Amino acid sequence: MTGYIVKRLISAVPVLLGISVIVFLIMAMIPGDPATAILGSYATPENVEKLNRDLGLDKPLVQRYFIWLGNMLQGDFGRSFSLNRAVLDEVLERFNATLLLAGTSFVICSILGVAAGVVSAARQYGLADKAITFAVLLGISIPSFFLGMMMILIFAVNLRWFPVSGMWPIYGARDLSALISHLTLPAIALAVVATGVIARLSRSAMLEVLRQDFIRTARAKGVHERSVIWRHGLRAAMVSIIPVLGIQAGFVLSGAVYIEMVFQWPGVGRMLVDAILKRDILLVQGGVVFVAACYVLFNIAVDVAQSLLDPRIKA
Amino acid sequence: MSFLRLLSRNRLALAGLIVMSVVVLLALLTPILPLPDPDVTNTAERFKKPFSERALLGTDHLGRDLASRLMWGTRLSLAVGFAAAVAAATIGAAIGVIAGFYGGRVDNVIMRGVDMLMGFPYILLALAIVAALGPGLLNALIAVAAVNIPFFARNIRGVTVGIAHKEFVDAARLCGMSNARIIITEVVPNVVPVIVIAMSTTIGWMILETAGLSFLGLGSQPPQADLGSMLGEARSALITNPHTSVVPGAMILVIVMAINLLGDGVRDALDPRLKSGALSRPMPTTMVRRTDPVPQPEGDGILSLRNLQTQFHVKDRIYKAVGGVDLSVRPGECLGIIGESGSGKSVTALSIMGLVASPPGVITGGAVHYKGEDLIGAPYETLRHLRGDRVAYIFQDPLATLHPLYTVGAQLIEAIQSHHRTSTSEARARAIELLKSVRIPNAEARVDNYPHEMSGGMRQRVGIAMALANDPEVIIADEPTTALDVTVQAQILALLDDLRRERGLAIIFITHDFGVVAQLCDRVAVMYAGRIVEEGPTDAILNAPAHPYTARLMACVPELGQGRRQLAAIPGLPPVVDKLPAGCAFADRCPKAASACRSGDIDLGPFGPARKIRCIDPEIPVQEATA
Amino acid sequence: MSAALKLTDLSKTFPVGKRLFGAPKAGVKAVQPLSLTVEQGETLGIVGESGCGKSTLARMLVGLLPPTTGQIEIDGAPLDNADPATFGQKIQYVFQDPISSLNPRKTIRQIMDAPLRHLHGMDAKARTARIAEIFAAVNLREEFLDRYPHEFSGGQAQRIGIARALAADARILILDEPVSALDVSVQAQVLNLLADLKQKFGLTYIFISHDLAVVEAVSDRVAVLYFGSVVEVGPADQVFAAPRHPYTRLLADSAPVVGRALAAPEAKETELPDPLNPPEGCAFRARCPRATEVCAGAVPSLEVQSDSVSAACFHPLADTD
């Protein structure tokens with residue numbers, strides 16, 4: 001097992017390098033130079049040239065990439081000019097908030113989605129199946145930012161059950177209950193779409209599995225139907241559900257950008273959007289690379305989970 | 001066209017189609033509709049409520065007419081979402097087809113690149129692209145299309161790999177076609193439905209994503225607005241004037257929902273498996289709908305079938321797979337059922353314990369008596385207690401019939417514990433014992449193997465061990481050696497024969513091979529088109545077949561040791577069981593058929609002391625029946 | 001009679017554990033170097049169980065798979081590394097699964113057109129005439145031409161597959177399990193058709209199957225494959241009637257025959273060796289009742305035993321065994 005994890009970690013190195021190249025190249029495509037963006041359009045040519053030299057922008061592209069990569073590996077992601085702060089510090093702080101939001105949502109959507117999918121498949125064409133199918137359809141059709149706004153309107157403004165926005169109360173204690181009450185609405189709004197997708201795919205994966213010959217064998221053995229569904233069916237279906245969960249984690253992380261905007265959640269998504277609008281390239285670059293790297297590591301964890309579940313994957 | 005007919009049959013998809021048609025029509029007509037200019041601001045008229053004078057849906061924070069902005073915004077959102085979907089599908093499909101068709105290094109390099117792009121949460125890539133190109137609707141479109149290319153590429157590649165390994169692609173090569181021509185004429189036409197499905201199910205998603213980027217202020221720039229930027233602008237007035245948010249948000253919801261409904265309908269209409277109803281989940285027991293009175297038990301058989309009828313109801317067609325079968329097996333006896341594919345022999349076997357997949361299978365008549373108790377229509381719990389305990393099955397393909405993710409030990413233990421309260425360690429010891437009894441070498445180690453770690457012969461031994469787990473009285477073996485090589489088949493048949501003699505098992509053995517029947521079975525029933533045409537002691541029937549079908553079928557089979565020769569063939573094909581002729585089903589292929597053969601039902605009548613036959617003109621005189 | 005097809009040291013090794021760049025980690029020898037000759041107008045049967053390399057051999061013969069070593073000669077001319085199109089005019093293939101060998105999205109006419117157009121460059125009129133001729137030969141009605149493959153039964157589809165192979169006008173047909181997907185009553189129809197066609201057009205067949213009785217019924221000579229090697233080759237009526245190689249004997253004894261009592265022909269419950277880890281010496285020795293130390297030391301080569309029967313065995317069976 002350890003061997004498999006080490007092997008997967010090693011195989012992630014080229015992926016991480018590839019990601020850094022892609023990000024670097026996209027950022028290198030930016031028309032106009034960052035120096036002008038930093039100094040404003042009234043900067044003198046001498047100042048622009050000096051800053052370009054300071055930033056190493058006068059060097060060839062390949063050399064610049066390796067300098068940037070080398071710095072990054074030493075933990076130096078550069079400095080954000082708009083925040084006047086080290087990029088890594090800012091990203092780390094923001095990423096904690098995003099992780100809390102996205103992680104909570106991911107747990108909600110995985111459990112609810114898979115459960116709904118299994119129930120829906122087990123009761124195919126029954127009332128529960130129809131209700132779930134309709135709810136799922138609604139869930140995957142509603143824009144998460146619109147859903148978030150409507151939830152604020154109903155549950156925060158009208159019913160006053162939850163705070164309108166933010167992660168902490170402006171005044172008052174920063175305790176767990178405050179955090180939970182702030183987290184509830186955005187986490188649910190974020191989970192809805194992914195729950196729908198996961199439920200849908202779990203349902204079809206289950207239907208696919210339940211038609212297999214080994215299910216008939218289980219029934220011929222006299223295994224109880226509950227066990228046929230949950231033990232034989234779900235176990236086999238999980239093999240195709242787990243990769244979907246891995247992909248959905250990426251969607252939850254992506255959706256967090258919108259939800260952070262709607263709920264004023266101090267996460268990395270909002271930071272990125274602000275940075276783009278301010279053309280704070282180093283902050284965008286650093287944020288994207290950092291989050292993408294975390295996602296790659298998460299996917300390795302998914303693969304490991306998959307290999308634990310499926311003995312046919314050679315460790 | 002059948003596609004449109006299928007689509008229209010799906011009521012939800014039809015609703016989606018109608019809504020989408022209305023929306024698209026309105027979007028197309030927007031420029032000529034008498035709407036106020038969507039971009040003219042009039043701060044005096046700001047935040048007018050819906051249904052107010054001169055503003056059907058009210059006005060926004062700059063006093064612009066919401067109805068007009070909604071129409072123009074819808075137009076823009078639809079166009080951008082559709083364009084992004086087409087671009088992503090075309091480029092992604094092209095990449096996927098090339099990677100999947102050529103395989104090898106080309107595939108490896110392309111797919112590593114795709115994996116790398118999928119290594120990003122999609123929005124990071126989109127944000128990076130927008131950051132590089134600058135905010136704007138066209139750039140948002142490019143970003144959304146670009147991040148979706150890998151999804152299409154991966155999806156289409158998978159399908160293409162499957163098609164590129166099909167035999168018709170090899171055949172095209174042998175016909176002298178070039179790779180480019182094979183891709184265009186052989187591969188692409190088979191991939192197109194998948195592309196259409198993928199596109200129709202993701203186009204709603206693309207609209208959501210472009211709206212999202214606009215919502216963040218990275219898409220369409222003021223004063224031009226799509227639905228997403230309308231929502232974005234309305235956000236600051238969410239609490240005071242919610243209608244400015246609700247109007248565009250509800251529109252996105254309606255559009256995306258209609259597209260998703262339509263997309264699902266397109267998918268269902270194009271997916272051949274859904275057409276045949278094959279994607280429905282089989283129920284725990286076969287459906288029973290008996291109208292005629294249930295036959296009473298008779299005879300001394302431990303298991304006897306009386307006038308069993310099983311049908312498949314697919315759409316408006318009824319396939320009479322089993323059309324009234326009478327059979328009986330005594331303890332210690334081996335009964336063979338022989339027939340060609342489609343003769344109903346497997347369905348007969350599965351009907352006994354209610355294991356015919358349902359839907360579409362329905363048992364419509366007859367009875368199955370186990371020790372005098374009717375199993376057809378018995379409550380689920382009764383059947384469950386008998387399944388695997390008193391009546392056990394062995395199936396054909398042991399790789400597909402064993403659960404791939406549990407060790408064979410775990411599956412054996414489960415078989416035991418489903419019927420007996422025993423500790424897991426006891427059950428495990430019993431499992432090892434069972435593996436030994438089916439002559440699996442090194443059973444103590446093999447018990448922890450997964451099915452994929454065993455050879456076909458070993459897996460089928462596990463299948464047999466599982467059937468023996470609870471010392472059943474009857475074993476129903478459904479072509480248990482068909483998937484095996486001949487040397488392994490010989491081993492398995494010898495094993496089954498020994499086991500039945502040791503344990504006094506009753507076996508119902510389904511096969512298409514006369515040689516196997518001859519070696520293993522005491523009695524044999526020959527099935528054709530869902531019915532038994534001849535039944536009796538194996539030796540008597542094989543030495544002197546009385547039904548013309550049996551005689552001719554045996555003549556078709558070459559037998560080892562007779563050298564090179566011309567084979568007898570039966571002209572024509574077996575009838576399709578949804579359109580059975582009146583009278584004898586074999587009449588159309590029978591050289592002796594007379595008008596009496598086609599006029600009415602022919603009974604399975606006695607033929608000599610021990611045999612039965614469904615024929616009015618047997619091949620041999622009845623005196624020779626015992627030969 | 002001259003040799004229609006001559007194989008010299010033909011072998012195939014599949015790489016295992018592929019890497020993106022560089023050599024693979026290991027190889028599986030699907031077909032060991034083998035040499036065979038097929039005479040003009042002859043039917044050579046090839047029998048073997050799953051994993052014996054018979055399909056790999058067939059795919060090499062028609063150029064769908066490049067051989068690792070050795071060469072193929074047709075009518076005395078070598079055919080090395082040529083593209084399938086050149087192969088296609090000389091040697092054609094009939095597939096095991098008749099339905100999946102026909103593109104579901106093409107009409108039968110389009111399928112029949114392909115070899116005529118791409119191999120022989122015929123115009124539309126010539127094609128129509130030729131298709132009519134071929135369809136008459138395989139007893140198919142011309143009204144089938146505008147239908148799609150899913151409308152046909154397995155037996156009809158296999159006739160269409162045979163018609164397509166005939167359209168290429170090749171003299172040699174590789175029949176890869178052509179009837180094993182068909183029911184026995186239909187199987188006999190197709191086998192008889194193949195025999196007629198062979199006579200009518202003077203064809204040469206290589207008939208690959210796992211079914212001994214079928215192979216015996218249609219072949220002039222039979223080669224028995226085990227673990228990628230030919231272990232015995234000889235006239236069809238002798239190979240199974242009086243096997244020389246113990247494996248051939250095992251095969252013949254395993255085939256269920258009406259009127260023969262059931263007995264496991266093998267005392268040991270053994271199966272095929274692991275191709276990733278092939279045994280030293282004779283691949284059959286672990287299952288062989290006659291195996292001795294010699295068998296572990298060297299691989300036996302194919303040698304003439306008697307009456308034009310050759311077997312690769314150190315201890316071949318005699319008539320009296």
Side-chain angles (χ1 to χ4, degrees), chain A residues 15 18-19 22-23 26-27 29-30 121-122 124 137-138 140-143 145-146 149-150 152-153 157 207 210-214 216-225 228 232 235-236 239 250-251 253-254 257-258 261-262 272-273 276-277 281 284 288 291-292 295-296 299 309-312, chain B residues 115-117 119-124 127-132 135 204 208 211-212 215-218 231 235 238-239 242 245 249 252-253 256-257 260-261 278-282 284 353 355 357 380 384-389 392-393 395 397 400-405 414-415 418-419 450 452 466:
Chain A
V15 177
I19 285 173
I22 293 170
V23 173
I26 292 176
M27 292 304 157
M29 278 174 9
I30 294 175
Q124 194 188 15
L137 183 73
L138 203 64
I140 60 171
S141 302
I142 197 161
F145 41 93
F146 178 58
M149 286 162 72
M150 291 302 108
I152 291 178
L153 207 56
V157 177
L207 287 178
L210 289 176
R211 296 185 302 118
Q212 300 293 318
D213 285 350
F214 58 79
R216 188 184 59 194
T217 307
R219 286 181 174 152
K221 280 200 290 192
V223 173
H224 204 281
E225 188 62 13
V228 169
H232 290 251
R235 173 82 189 257
V239 170
F251 280 75
L253 213 48
S254 298
V257 174
Y258 305 123
M261 291 297 281
V262 171
L272 283 174
V273 175
I276 291 171
L277 291 172
I281 299 309
V284 176
V288 169
V291 178
Y295 182 59
V296 168
N299 268 324
L309 197 76
D310 190 347
R312 289 167 298 182
Chain B
D115 284 347
M116 233 161 252
L117 288 177
F120 288 89
Y122 77 90
I123 200 143
L124 289 186
L127 288 180
I129 292 171
V130 173
L208 279 184
F215 172 79
L216 297 176
L218 304 174
L231 250 179
R235 191 162 63 86
L238 171 66
I239 295 168
S245 303
I252 299 178
L253 178 62
V256 176
M257 196 148 161
N260 283 340
L261 282 173
L279 263 191
S280 51
R281 131 193 161 69
M353 282 284 138
L355 287 172
Y380 168 72
R384 189 187 77 74
H385 279 297
L386 290 174
R387 282 176 181 179
D389 189 38
Y393 278 86
F395 295 108
D397 175 4
T401 51
L402 293 176
H403 198 293
L405 304 179
E414 186 189 32
S418 291
H419 299 287
Y450 288 96
H452 71 275
M466 201 139 79

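Here is the naming used below: chain letters follow the sequence lines, and residue numbers restart at 1 for every chain. Since the structure is predicted, the reported quantities are computational estimates derived from the model, not experimental observations.
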Please state whether the side chain, the backbone, both or neither of [X] comes within less than 4.5 Å of a heavy atom of chain A.
{"X": "B:Tyr122", "answer": "both"}
{"X": "B:Ala357", "answer": "neither"}
{"X": "B:His403", "answer": "both"}

Between chain A and each of [options], count heavy-atom pairs under 4.5 Å; write down the option with the most.
{"options": "B:Leu261, B:Leu386, B:Ile252, B:Leu216", "result": "B:Leu216"}
{"options": "B:Tyr450, B:Tyr393, B:Phe395", "result": "B:Phe395"}
{"options": "B:Pro135, B:Pro404, B:Gly217, B:Gly204", "result": "B:Pro404"}
{"options": "B:His419, B:His385, B:Arg235", "result": "B:Arg235"}

Side chain to side chain, [X] and [Y], heavy atoms closer than 4.5 Å:
{"X": "B:Leu124", "Y": "A:Ser254", "value": "no"}
{"X": "B:Met257", "Y": "A:Leu137", "value": "yes"}
{"X": "A:Arg211", "Y": "B:Pro282", "value": "yes"}

Under 4.5 Å heavy-atom distance to chain B, tell me which part of [X] shows up: side chain, backbone, both or neither.
{"X": "A:Ile26", "answer": "both"}
{"X": "A:Val262", "answer": "both"}
{"X": "A:Ala236", "answer": "both"}
{"X": "A:Leu272", "answer": "side chain"}

Return the option, out of [options], with the maximum number of heavy-atom pairs under 4.5 Å with chain B.
{"options": "A:His224, A:Gln212, A:Met150", "value": "A:His224"}
{"options": "A:Gly18, A:Ala292, A:Gly250, A:Ala220", "value": "A:Ala220"}
{"options": "A:Val15, A:Ile140, A:Ile152, A:Ile19", "value": "A:Ile19"}
{"options": "A:Val223, A:Leu309, A:Leu153", "value": "A:Val223"}
{"options": "A:Asn299, A:Val228, A:Val288", "value": "A:Val288"}
{"options": "A:Leu210, A:Val296, A:Val23", "value": "A:Leu210"}

Practice problem: Verify side-chain contact (heavy atoms from CB on, under 4.5 Å) between B:Leu405 and A:His232, making sure each step is shown before the conclusion. | Solution: CA-CA 9 Å; B:Leu405 304 179; A:His232 290 251; over 6 Å; no
Just to verify, what does A:Ile276 make a side chain to side chain contact (heavy atoms under 4.5 Å, CB included) with, not counting sequence neighbours?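 Per chain and number, A:Ile276 pairs via side chain to side chain contact (heavy atoms under 4.5 Å, CB included) with A:Val284, B:Leu127, B:Ala131, B:Leu218.
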Which heavy atom of A:Phe145 sits nearest a heavy atom of B:Leu231, and at what distance?
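Where A:Phe145 meets B:Leu231 most closely, the heavy atoms are CE1-CD1, 3.5 Å.
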| Closest non-hydrogen atom pair between A:Met149 and B:Ser245, with its separation |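 Reported closest heavy-atom pair: CE-OG, 3.4 Å.
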Should the pair B:Phe215 and A:Tyr258 be assigned to parallel (<30°), tilted (30 to 60°) or perpendicular (>60°) ring geometry?
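Aromatic pair B:Phe215/A:Tyr258 classed perpendicular.
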Would you say the side-chain atoms of B:Thr401 pair up with the backbone N or O of A:Thr217, donor to acceptor, closer than 3.5 Å?
->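 Flag not set: sc B:Thr401 to bb A:Thr217 has no pair under 3.5 Å.
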A:Lys221 vs B:Ser418, test: side-chain contact (heavy atoms from CB on, under 4.5 Å). Steps then yes/no.
CA-CA 8 Å; A:Lys221 280 200 290 192; B:Ser418 291; 5.6 Å; no
First locate atom CG of B:Leu253, then atom CG of A:Leu138, and finally report the distance between them rounded to the nearest 0.5 Å.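 Output value for this atom pair is 6.0 Å.
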>> Do the side chains of A:Glu225 and B:Arg281 get close enough for a salt bridge, i.e. N-O under 4.0 angstrom?
In response: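 Looking at B:Arg281 together with A:Glu225, the answer is yes, because their closest N to O distance falls below 4.0 Å.
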